[in-house]
S.K.: 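If you scroll down you'll find the structure; I have some questions about it.
Every number for a ligand or one of its atoms is a count from 1 in the order of the listing.
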Amino acid sequence: MIRNKVAPLVLGLAALSGAAAAHAESGWSLLNMTRGVTDISRKIYELHMLIFWVCVAIGIVVFGVMIWSIINFRKAKGAVPDVTMVHNTRVEAVWTVIPVIILIAMAVPAARTLVEIEDTSKTELTIKVTGFQWGWEYDYLDNAVSYFSHLDRASNDARELLSGIDPNTVDHYLLNVDHPLVVPVDTKVRLLITGADVIHSWWVPAFGVKKDAIPGFINEAWFKVDTDKPGLYRGQCAELCGRDHGFMPIVVDVRSKADFAAWLKATAAEQKQAAAPSAPPAQAASATAPTAP
Ligand SMILES: [Cu+2]
């Protein structure tokens, strides 16, 4: 019987969250999570809104009853405590069962989304992401392409102590890199995320991806950007990792499939050529590169 009452409530809240989404990108919605550009980021957003409205409804009901009771049953009005409510088994059963049903109703969509977030099957491109103090290394495992991504020169110059450069004049201050991660649209990209020294966290909000980069462990994450959403997406290291934690942003350059294929081919050829002619400089370069402990 109670289930019959909860189901329409949950459905009603879902409809409300849909109506709220229609007002996105203005005013108060700027304070909210964004919908992102991947299927998973939208599902996370919708789950967040559903749970948010459940909490709002519970808040309204609980505080409504409390305020109504305080006003109508105050001592000044001659209210006499109802002693039959103390240890009333039926009341205690109801206020235990209703929250349990609400929790189960929330756990079902949450678990469904979590399972989908963890489903790294049928991926089309695998990139190993290594966080280090202070930057990221990207390895395209199937294509022999590998490079480092650091804070861009303009931000780095401006952030120096007594640099005399106004950060407001720097484009995307502290959110720009020299070499962004390049990926294609409409492709299930799998990331294998690890750390070379301490724990970092690869976080790009628009993709709904935030995964810890832990030395000695490989965490998996995936995303698939909408076909009509190529462009630059920005993120940051989301795990306090040391002195320059604030200076290791993430930029992802999402390109059309054709553009990406051309870039990958050109970069692979370039790197092959750079590695080929003389062995000693290549060895010297790799010796300076961070390695896993
Ligand atoms: Cu970090």
S.K.: Under 4.0 Å between a side-chain nitrogen and a carboxylate oxygen: does that hold for D253 and R255?
M.R.: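 Yes, D253 and R255 are salt-bridged.
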
S.K.: Less than 4.0 angstrom from a charged side-chain N to a carboxylate O is my criterion; do K211 and E118 meet it?
M.R.: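 Looking at E118 together with K211, the answer is yes, because their closest N to O distance falls below 4.0 Å.
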
S.K.: Strictly under 2.8 Å, is the Cu ion (ligand 1) approached by any N, O or S atom of H200?
M.R.: yes

S.K.: Does M248 put an N, O or S atom under 2.8 Å from the Cu ion (ligand 1)?
M.R.: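 So M248 counts as coordinating the Cu ion (ligand 1), yes.
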
S.K.: Please determine whether a side-chain nitrogen of the Lys or Arg among D39 and K188 lies less than 4.0 Å from a carboxylate oxygen of the Asp or Glu.
M.R.: no

S.K.: To check your reading of the site, what angle at the Cu ion (ligand 1) do SG of C241 and SG of C237 form, to 10°?
M.R.: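 SG of C241 and SG of C237 make an angle of 120° at the Cu ion (ligand 1), to the nearest 10°.
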
S.K.: Look at R159 together with D244 and state whether they make a salt bridge at an N to O cut-off of under 4.0 Å.
M.R.: yes

